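In this text the structure is predicted, and so the values were computed from the model without any measurement.
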Amino acid sequence: MKTHYDAEADALYLRFADTPVSESEEVRPGIVFDFDAEGKIVAVEILDATEHLASGTDLSKLAAA
């Protein structure tokens, strides 16, 4: 799994597989799932991440893989 947090954009991206993305769907405001050709989730993007994550979450310590 690969992770990336862009503090300037306040966007968190979690990539589960290197499979190409065929489709993306915003499942709720600011939460986007990326799907492969088989309809399986390959990534999740959280826009305005600090508004969506639990209080006390420290994204500055997020380990990128």
Side-chain angles (χ1 to χ4, degrees):
M1 182 169 81
K2 296 178 183 177
T3 60
H4 177 74
Y5 177 65
D6 182 334
E8 188 173 315
D10 192 23
L12 176 61
Y13 191 69
L14 308 166
R15 182 75 183 208
F16 307 116
D18 289 330
T19 308
V21 174
S22 293
E23 181 181 355
S24 297
E25 179 181 346
E26 188 169 21
V27 295
R28 63 185 294 184
I31 310 293
V32 179
F33 286 2
D34 290 341
F35 300 93
D36 67 9
E38 296 178 6
K40 297 185 180 187
I41 298 170
V42 295
V44 175
E45 184 173 20
I46 304 174
L47 306 173
D48 300 317
T50 55
E51 294 178 20
H52 290 282
L53 300 175
S55 179
T57 302
D58 186 0
L59 293 172
S60 68
K61 295 182 181 181
L62 183 68

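- Atom-to-atom distance recorded for Asp6:CG and Leu59:CG is 11.0 Å, nearest 0.5 angstrom.
- When hydrophobic clusters are built by joining Ile, Leu, Val, Met, Phe, Trp and Tyr residues whose side-chain heavy atoms come closer than 4.5 Å, directly or via intermediates, Phe33 is not grouped with Leu47.
- In this structure, Glu45 CD and His4 NE2 are separated by 9.5 Å, a value rounded to the nearest 0.5 Å.
- Checking side-chain atoms of Asp48 against main-chain N and O of Glu51 turns up no donor-acceptor pair under 3.5 Å.
- A side chain to side chain contact (heavy atoms under 4.5 Å, CB included) with His52 holds for exactly one of Leu12, Ile46, Thr57; it is Ile46.
- Rounded to the nearest 0.5 Å, atoms CD1 (Ile41) and CD (Glu25) are 9.5 Å apart.
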- Candidate pair Ser22 and Asp36, rule side chain to side chain donor-acceptor pair (under 3.5 Å), full reasoning: CA-CA 5 Å; Ser22 293; Asp36 67 9; over 6 Å; no
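- Linking ILVMFWY residues whenever their side-chain heavy atoms come closer than 4.5 Å, directly or via other members, places Leu14 and Tyr5 in the same cluster.
- Judged by distance alone, the side chains of Thr50 and Asp10 do bring a donor and an acceptor atom under 3.5 Å apart.
- Tracing side-chain contacts under 4.5 Å through hydrophobic residues (I, L, V, M, F, W, Y), one never reaches Phe16 starting from Tyr13; they form parts of separate clusters.
- Arg15 and Ala43 get closest at one heavy-atom pair: CD-CB, 3.8 Å.
- A distance of 8.5 Å separates CD of Glu26 from CD1 of Ile31, quoted to the nearest 0.5 Å.
- Here Val21 sits in one hydrophobic cluster together with Val42; the rule is ILVMFWY side chains under 4.5 Å apart, joined directly or through other members.
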